[in-house]
Structures are given as C-alpha cells and as structure tokens.
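Every heavy atom of this structure was used, including side-chain atoms; hydrogens, water molecules and symmetry mates were not. Just so it is clear: chains get the letters A, B, ... in the order the sequence lines come, proteins before strands, and each one is counted from 1. It should be emphasised that the depicted structure is a prediction, and the values quoted were computed from it without experimental measurement.
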Amino acid sequence: MAMIELQGVHRDFRVGEQTVHALDDINLTIRAGEYVSIMGPSGSGKSTLLNLIGLLDRATRGRYLLDGQDVTTLDDVAQAEVRNRRIGFVFQAFHLVPRLTAAQNIELPLILAGVPREQREPRVRRALEAMNLLERAHHKPDQLSGGQRQRVAIARATVNEPRVLLADEPTGNLDRKSGRDVIDILESLNRHGITLVVVTHDSDIGGRARRRLHMLDGRIETDHHPDGDRHA
Amino acid sequence: MRSPDVGRFAWGALRGYPTRTLLMLLAMAIGVAAVIVLTALGEGARRYVADQFSSLGTNLLIVIPGRAETGGATPGTLMGETPRDLTLDDAMALTRSYRVRRIAPMTLGAADAAYGRRQREVTVIGTSHELLALRRWTLARGRFLPDIDIDMASPVCVIGGKIRDELFGPRPALGAWLRLGERRFRVIGILGSEGRSIGVDVQETVMIPVASAQQLFNTPSLFRILVEARSREAIEPVRQFIIDTIRHRHQGEEDITVITQDAVLATFDRIFGALTYAVGGIAAISLFVAGILIMNVMLVAVSQRTAEIGLLKALGAAPRQILALFVSEALLLSLLGASAGLALGMAGSLLIRQLFPAFPAHTPAWATLAALLVSVLTGLLFSLLPARRAARLDPVLALSGR
C-alpha cells in the first residue's frame with residue numbers, strides 16, 4: 001500500500017532572472033511502514049523533497065498522493081490539517097518554543113487540533129513516558145541537553161500519532177552518542193509501523209535505512225531498495 | 001483550536017517577553033488614563049460652572065435696565081440721554097402674570113455702616129422679603145425683611161455674617177441699631193453662610209427694604225429686578241411678558257435686557273461640553289500613538305518569532321489560527337493596558353477631587369467607554385497588519401530562519 005506517491009513532481013525557484021529546478025521530474029513511491037533515507041550533497045534538493053512531502057511546500061507541477069488522497073489540490077486550511085494529523089516533523093535545530101516547557105511543547109499539536117484539555121494531559125504524559133522524559137516535563141528547553149531537546153521534539157512529532165515521520169538532519173546538532181540515541185528512537189518508532197523518511201548527509205546514518213535514495217541536481221540518482229536496486 | 005487555548009497561548013507569549021509587554025502596557029495605560037483625567041477635568045469645569053449658576057436660584061430671569069445691543073446714532077445718544085430707569089412701579093407691574101411666582105427688586109449702593117465706634121463701608125442691597133425665597137437663602141438668626149408693600153420704607157436691616165463679626169464682635173447684633181449713612185436701622189436678621197452670588201459676597205452686605213434704600217441713595221431707579229417663573233416651561237413666556245409689559249410702560253421703547261439663567265447656563269454648558277470633547281480628542285491621539293506602538297512591537301515580534309511561526313505551521317496551524325494568535329496577543333495587551341489606564345485615570349480624578357473638593361472632576365461615562373473602545377479597536381486594527389504578515393510567512397523560509 002503506497003503511503004507517499006509522487007508523480008512527475010517539479011519544484012522551480014526563481015532566483016532573479018534564472019529559474020532553478022530544485023526538483024526535476026521526481027517519481028517516487030514509498031509504502032506504508034518503510035524506512036527511507038535521502039542523501040546527497042547540499043543543494044541536491046533533498047530538503048526541498050522532504051518539505052514537499054511534508055506539505056510545507058507546493059510542487060510547481062506534478063501530483064502528490066498521500067495515503068491515496070491527492071493533496072496537491074488542497075487549500076491552506078486542509079493542508080494544515082493534514083500536517084497536523086498525518087505528518088510529524090523532526091528538525092535539525094529542534095525548533096522548540098523557548099518560553100514553553102517540554103510538556104507544553106509536546107502539547108502544541110494537540111492544542112492546534114482542538115483536543116480538549118482533559119484529553120491532552122494523558123496523551124502528553126504517554127509521549128513523555130515513551131521518550132523517557134517524565135522528570136523533565138516541566139523544564140524549559142534551555143534547561144535540557146541537546147539529546148533531550150530532540151527527544152522532546154520527537155515526542156511532539158508523534159503525539160498526534162501520525163502515519164508519516166519526516167526527519168531533516170535529526171542528528172546534525174548532536175554529539176555522536178546523543179545522535180545514536182535519537183536514531184534508535186526513530187528506528188523503534190518505524191518498527192512499530194510509522195513510515196520514516198530521514199534526510200541526512202551522514203552516510204553512517206543514511207546507510208542504516210533499508211531503502212536509500214541518493215539525490216543530485218534535483219533528481220533521484222540511485223534508489224537502493226531492499227527488494228533489489230533500481231536506478232531512477 | 002479552542003478560544004481558551006488561544007488566550008492561554010497569547011498570554012504565555014506576552015509573559016515570555018516581559019519588558020516589551022510592560023512597555024506596551026505603559027503606553028496604552030497612559031493613553032487611556034490621559035483620556036479619563038482630561039475629560040474629568042473638562043466635565044469638572046462644566047459642573048462647577050453649572051453649580052455656580054444654579055446657586056442663583058432656579059427658573060430665574062434677571063431684568064436689567066438698558067439694551068445690551070449697539071444701536072445706531074439716535075438723537076437720544078447724541079444728547080447723552082440714558083435709557084429710562086426701571087422703577088418700583090415697573091417691578092410691581094411684573095407681578096401681574098400668573099406665570100410669575102415672585103419678584104424681587106434690587107437697588108445697590110455703598111454706604112458707611114457704623115455701630116458704636118466701629119465703622120466700615122458696606123454694600124447695601126435694597127430689596128423685598130421675596131428675595132430670600134427667590135435666592136434659596138437661609139437665615140442664621142432672626143428673620144428676613146418684613147412682608148410689606150415694596151414701596152413702603154421701614155427702618156430694619158438684615159446683615160451678612162462678616163458684617164456682624166466686624167461691627168458687633170462678641171456683642172449681640174439682633175435688635176441693635178445700625179447706622180447707615182444718616183439713617184438708623186434695627187438689625188432683625190443675620191444671613192446664613194451662603195457663598196457669593198456673582199460678584200457680591202452676601203456675607204459683606206446689608207439688606208434693607210427697597211423703598212428705604214431709594215431714600216438712602218436718593219434715587220428712584222432699580223439696579224435689577226429678579227423674576228422667578230413658576231416652571232421651567234414658563235421661562236420663555238415670562239420673558240416675553242416682561243418685555244411686553246416694560247415696553248408698554250416705557251412708551252413703546254424696548255430699553256431693558258432680560259437674561260434668563262437657563263440661556264446663560266446653556267451657553268456655558270455648550271462651551272465646556274465642547275472643551276471636554278476637545279481635550280478628550282487630544283488625549284485620544286495618545287491612544288492612537290499607543291496603537292502605532294503596538295503595531296511596531298507586533299511587527300518586531302513577528303520577525304523575532306519567525307521560527308516559532310514556521311514551527312506552528314509545520315505542526316498544522318492554519319493561516320487563520322496564526323492570525324488569531326497574534327491578534328489575540330495585541331487585544332490582550334490593549335485590554336490589560338486599558339484596564340490599567342482606567343484604574344490610573346480613576347485614581348487621578350479621585351486625587352483631583354480630594355485636592356479640590358469644590359471641583360467635581362468626574363469622568364463622563366461616554367469618555368470611559370470611548371477610551372476603552374478606542375484602545376481595543378486600535379489594538380485590533382494595528383495588530384492586523386503584523387498578524388497577516390505572520391500568517392502569510394512561508395513555513396520553509398520561516399523554519400530556516402531566513
């Protein structure tokens with residue numbers, strides 16, 4: 001069952017007089033529960049691809065089906081709802097709101113979804129528990145270590161139980177040990193059924209994924225697939 | 001997103017930047033407080049003047065000899081002829097309308113008053129016993145001038161409190177003979193502690209029957225005739241009646257001026273009302289400035305919190321929700337600032353009332369309401385632009401901090 005399906009997707013940016021083809025005719029199908037890494041040099045279009053899958057960006061041309069639904073034609077409000085319910089984001093810079101505690105940061109997607117207060121508390125608690133952060137619940141981000149911050153971010157990304165988790169250089173701001181912990185957590189989430197897409201330039205981390213995409217100049221150069229390699 | 005959550009989030013954002021929030025609150029509070037205090041001052045001035053006028057008595061008409069308007073050069077003015085005097089007969093003629101409740105003629109003059117060896121110059125008012133009721137005065141002791149025909153003289157007088165103190169000191173004044181010029185008058189009453197009535201401090205006057213005053217000053221003319229109408233509605237007919245009567249008596253010459261207290265009061269009311277609106281408007285400019293400040297600070301907030309806005313979008317906030325968050329933040333700010341300003345303004349007006357008890361500095365309800373409304377509206381209006389900018393941010397750019 002295809003979770004993510006991109007058909008002939010282009011993404012052009014205008015830089016002055018020139019048009020830059022950040023994504024050039026991408027055709028990609030990711031099945032539910034897959035673990036995919038996207039690698040490539042900077043400027044190859046891997047982050048743009050991730051943003052597009054995460055509905056933070058819109059394709060210039062082409063179709064995008066998420067879980068069988070065409071999401072390219074949705075308006076802003078509907079796209080926001082898809083982001084909220086079906087997609088989780090983990091960023092390199094964590095992007096925690098500095099004035100909110102760990103628990104309040106994790107609560108944000110639930111607040112935006114309009115979940116009543118009494119239902120939010122147990123869910124935030126469960127997410128904190130899963131990330132082993134219960135005793136850090138009322139700490140502000142600046143009182144947490146880098147690894148703990150990224151765990152808060154993962155808890156926030158998964159509190160709404162999305163089907164897809166997108167991670168953009170999740171270990172980029174972490175030391176080796178914390179980075180390994182974060183990858184372990186992401187992989188364990190994948191084992192429990194979440195579709196995981198990781199963008200990285202670190203081949204050690206990218207190499208762990210069962211399916212590995214290499215991008216260059218807006219195209220998917222190679223697609224190492226567990227069911228046999230394919231060239232795009 | 002639920003509204004209590006929107007409020008809580010906005011409140012958290014305000015508390016997250018305390019210096020910025022306090023400065024904005026201060027700006028808004030000063031704006032609102034300025035409106036409250038300045039309109040209180042304007043309103044206080046209006047009421048003060050109104051109070052002064054109503055102490056004259058109600059439904060009052062004042063008849064003054066002479067025409068208060070400039071005419072052409074008539075033979076009369078060339079020959080130095082003065083207008084016809086008002087006389088006691090004129091005054092008596094004015095009692096003939098059922099709309100007139102009472103009249104009091106007045107003559108005014110200065111005379112030397114003496115008791116024993118003490119002597120001072122006093123203002124002498126010649127009038128009738130109706131004056132007491134007409135001016136709503138009270139007596140401290142004794143009684144007022146007797147109810148006799150107004151053309152009858154009588155050697156009695158009523159004195160003000162200050163005259164009593166200065167001429168009699170500790171000795172009893174009631175029943176004593178006071179000398180005014182060449183004549184002697186028995187003191188039959190002492191006036192209560194009424195204040196002044198335009199220009200003349202009643203505490204420094206001696207009142208005698210009008211006929212006696214005309215003998216004392218050797219003049220048949222009156223200084224004023226005070227007329228009290230039966231009701232507010234009767235004022236205008238009475239005015240017309242006075243003018244018609246006097247013109248008839250003065251061979252068709254309209255040589256008097258009738259001032260109605262209402263007209264004077266209404267004029268002052270208009271002047272001070274306009275003044276209040278004006279200072280209120282000037283103060284409202286400070287509210288406007290506070291609004292622009294809010295816009296400025298919200299714009300800075302949007303650029304400071306670009307990453308946060310990007311994150312909220314990534315987490316599934318629709319543009320409308322971002323808009324709501326920032327507008328609520330500004331609204332909350334204006335409401336808090338306005339409340340603080342309201343408290344500050346109320347305290348300010350209270351202080352003014354404490355310091356100057358005679359000055360009723362009460363903020364009119366419309367000013368309070370308008371100040372609150374304008375502050376909330378400016379908060380709303382001036383936060384729309386920054387909030388729209390936030391809502392339209394490209395999430396990818398916002399997250400990358402560009």
**Asked** So do B:S334 and B:T378 actually touch side chain to side chain, heavy atoms under 4.5 Å?
**Response** no

**Request:** Could you look at A:P162 and say if it's the side chain, the backbone, both or neither that has a heavy atom under 4.5 Å from chain B?
**Result:** neither

**Item:** Residue part contacting chain B, namely of A:R120, when any heavy atom lies under 4.5 Å
**Value:** side chain

Quick one: which of [options] has the most heavy-atom pairs under 4.5 Å with chain B, could you say?
options: A:L110, A:N84, A:D57; value: A:N84
options: A:L96, A:V115, A:T48; value: A:V115
options: A:R99, A:R85, A:R117; value: A:R99

Quick one: do the [X] and [Y] side chains pair a donor with an acceptor below 3.5 Å?
X: A:T73; Y: A:D70; result: no
X: A:Q79; Y: A:E81; result: no
X: A:Q92; Y: A:D168; result: no
X: A:R86; Y: A:N160; result: no

**Message:** Quick check on B:R305 against chain A: is it the side chain, the backbone, both or neither that has a heavy atom closer than 4.5 Å?
**Reply:** side chain

